[in-house]
J.: 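Sharing a structure with you now.
Predicted model, so just to flag it, every value in this text is computed and none were measured.
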Amino acid sequence: MKVLVIDDDAFVQTVYESELHQENIEVVLANDGESGLQLAKKEVPDVILLDLILPVKDGFRVLAELKKSKKLAQIPVIVSSALSQQSDVDEATELGAVKYLPKDLYSPNQVIEEIKKTLLGE
């Protein structure tokens with residue numbers, strides 16, 4: 001199983017990479033939206049964890065482009081973002097996010113659990 005983490009915060013990347021590796025889950029990291037899209041096309045992960053506030057291309061644009069791609073549209077995308085206004089949640093959901101986890105409400109361990117549930121199809 002493979003997870004692509006698209007987040008520009010190096011600490012956040014390190015935490016998820018470490019925790020997911022302990023679960024024997026392969027992790028691919030991208031620190032901006034454009035490189036995240038390129039890695040998604042190259043690696044075709046089982047799940048994508050996506051921040052919305054990203055350099056180069058924001059998470060909303062990344063999500064829209066992922067869902068337009070026949071190759072990538074079926075990959076579940078979990079949004080984990082500091083943006084927690086209902087309009088942001090609604091937009092991400094309309095664009096195809098399967099879950100929206102505000103960073104101020106979900107600890108890294110809770111996010112890991114949501115990733116594992118998604119990988120297992122729960």
Side-chain angles (χ1 to χ4, degrees):
M1 289 185 276
K2 185 186 304 182
V3 174
L4 169 58
V5 176
I6 307 173
D7 197 305
D8 62 332
D9 185 323
F11 176 75
V12 169
Q13 286 185 338
T14 302
V15 169
Y16 289 128
E17 183 176 36
S18 173
E19 294 294 321
L20 290 166
H21 276 165
Q22 288 181 18
E23 301 286 339
N24 293 315
I25 296 169
E26 184 181 346
V27 180
V28 183
L29 302 171
N31 60 9
D32 68 69
E34 185 58 40
S35 64
L37 273 173
Q38 297 311 314
L39 277 172
K41 292 173 186 171
K42 179 181 172 200
E43 300 286 338
V44 191
D46 298 294
V47 171
I48 296 172
L49 181 65
L50 176 65
D51 189 8
L52 294 177
I53 304 170
L54 294 168
V56 184
K57 188 173 285 191
D58 73 35
F60 293 113
R61 288 179 54 207
V62 172
L63 188 53
E65 289 187 36
L66 286 168
K67 295 305 175 181
K68 286 180 188 170
S69 165
K70 288 183 181 179
K71 181 179 177 183
L72 306 173
Q74 299 308 312
I75 300 171
V77 178
I78 299 172
V79 170
S80 176
S81 179
L83 298 177
S84 57
Q85 291 184 348
Q86 191 59 47
S87 60
D88 297 319
V89 176
D90 292 345
E91 184 176 355
T93 303
E94 287 169 18
L95 288 170
V98 296
K99 295 179 184 174
Y100 194 105
L101 312 176
K103 287 183 176 180
D104 61 338
L105 300 178
Y106 285 80
S107 71
N109 285 338
Q110 289 172 308
V111 173
I112 299 292
E113 286 305 311
E114 293 299 326
I115 291 170
K116 292 191 309 192
K117 286 181 189 175
T118 302
L119 285 168
L120 295 172
E122 295 179 15

J.: Counting heavy atoms not belonging to Gln74, are there more than 12 under 6.0 Å from its CD?
T.: no
J.: So which atom in Ala30 and which in Ser35 form the shortest heavy-atom distance, rounded to 0.1 Å?
T.: CB-OG, 3.7 Å
J.: Give me the atom names and distance for the closest heavy-atom approach of Asp7 to Gln13.
T.: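 What the structure gives for the nearest pair is O-NE2, 2.8 Å.
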J.: Drop me the distance from Ile6's CD1 to Ile48's CD1, to the nearest 0.5 angstrom.
T.: 5.5 Å
J.: Using 0.5 Å steps for rounding, measure from the NZ atom of Lys41 to the CD atom of Gln38.
T.: 4.5 Å
J.: State, with a plain yes or no, whether a side-chain heavy atom of Val27 is found less than 4.5 Å away from one of Tyr16.
T.: no
J.: Val28 vs Val3, test: side chain to side chain contact (heavy atoms under 4.5 Å, CB included). Steps then yes/no.
T.: CA-CA 6 Å; Val28 183; Val3 174; over 6 Å; no
J.: Show the atom names and distances, to 0.1 Å, of all donor-acceptor pairs under 3.5 Å that link a side chain in residues 75-89 to residues at least two apart or in another chain.
T.:
from  : atom 1 : to    : atom 2 : distance (Å)
Ser81 : OG     : Leu83 : N      : 3.0
Gln86 : NE2    : Asp90 : OD1    : 2.7

J.: Measure the shortest side-chain to side-chain distance between Glu26 and His21 over non-hydrogen atoms and say whether it is less than 4.5 angstrom.
T.: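 Sidechains of His21 and Glu26: no contact.
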J.: If you measure from CD on Glu94 to CG on Leu63, what distance do you get to the nearest 0.5 Å?
T.: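 One finds 11.0 Å between CD of Glu94 and CG of Leu63.
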J.: Within the side chain of Lys2, is there an N or O that forms a donor-acceptor pair under 3.5 Å with the backbone of Glu43?
T.: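 Checking the backbone N and O of Glu43 against the side chain of Lys2, a donor-acceptor pair under 3.5 Å is found.
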J.: Would you check if Asp8 and Asp32 make a side-chain contact, meaning some heavy-atom pair closer than 4.5 Å?
T.: no
J.: Are any of the side-chain heavy atoms of Leu101 and Gln110 separated by less than 4.5 Å?
T.: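 Contact flag for Leu101/Gln110 side chains = no.
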J.: Atom OH of Tyr100 and atom OG1 of Thr93: how far apart are they, to the nearest 0.5 Å?
T.: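 It comes to 8.5 Å.
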J.: What distance separates Lys57 NZ from Leu37 CG, expressed to the nearest 0.5 Å?
T.: 5.5 Å
J.: Just so I know, are the side chains of Leu49 and Val111 near enough to count as touching, which here means a heavy-atom distance under 4.5 Å?
T.: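 Leu49 reaches Val111 side chain to side chain.
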J.: Taking the side chain as everything from C-beta on, heavy atoms only, tell me whether Glu17 gets closer than 4.5 Å to Leu29.
T.: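 Yes. Closest side-chain heavy atoms under 4.5 Å.
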J.: What's the spacing between Leu50 CG and Leu54 CG if we round to 0.5 Å?
T.: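 The CG atom of Leu54 is 6.0 Å from CG of Leu50, to the nearest 0.5 Å.
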J.: Donor-acceptor pairs under 3.5 angstrom involving side-chain atoms of residues 115-122: please list them, not counting sequence neighbours.
T.:
from   : atom 1 : to     : atom 2 : distance (Å)
Lys116 : NZ     : Glu23  : OE1    : 3.4
Lys116 : NZ     : Glu23  : OE2    : 3.3
Lys116 : NZ     : Glu113 : OE2    : 2.9
Thr118 : OG1    : Lys99  : NZ     : 3.1
Thr118 : OG1    : Glu114 : O      : 2.9

J.: Should Ile25 and Tyr106 be regarded as members of a common hydrophobic cluster, given that ILVMFWY residues are connected when their side-chain heavy atoms come within less than 4.5 Å of each other, either directly or indirectly?
T.: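 Yes, same cluster.
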J.: Can a salt bridge be assigned to the pair Lys103 and Asp9 using a cut-off of 4.0 Å between side-chain N and carboxylate O?
T.: no
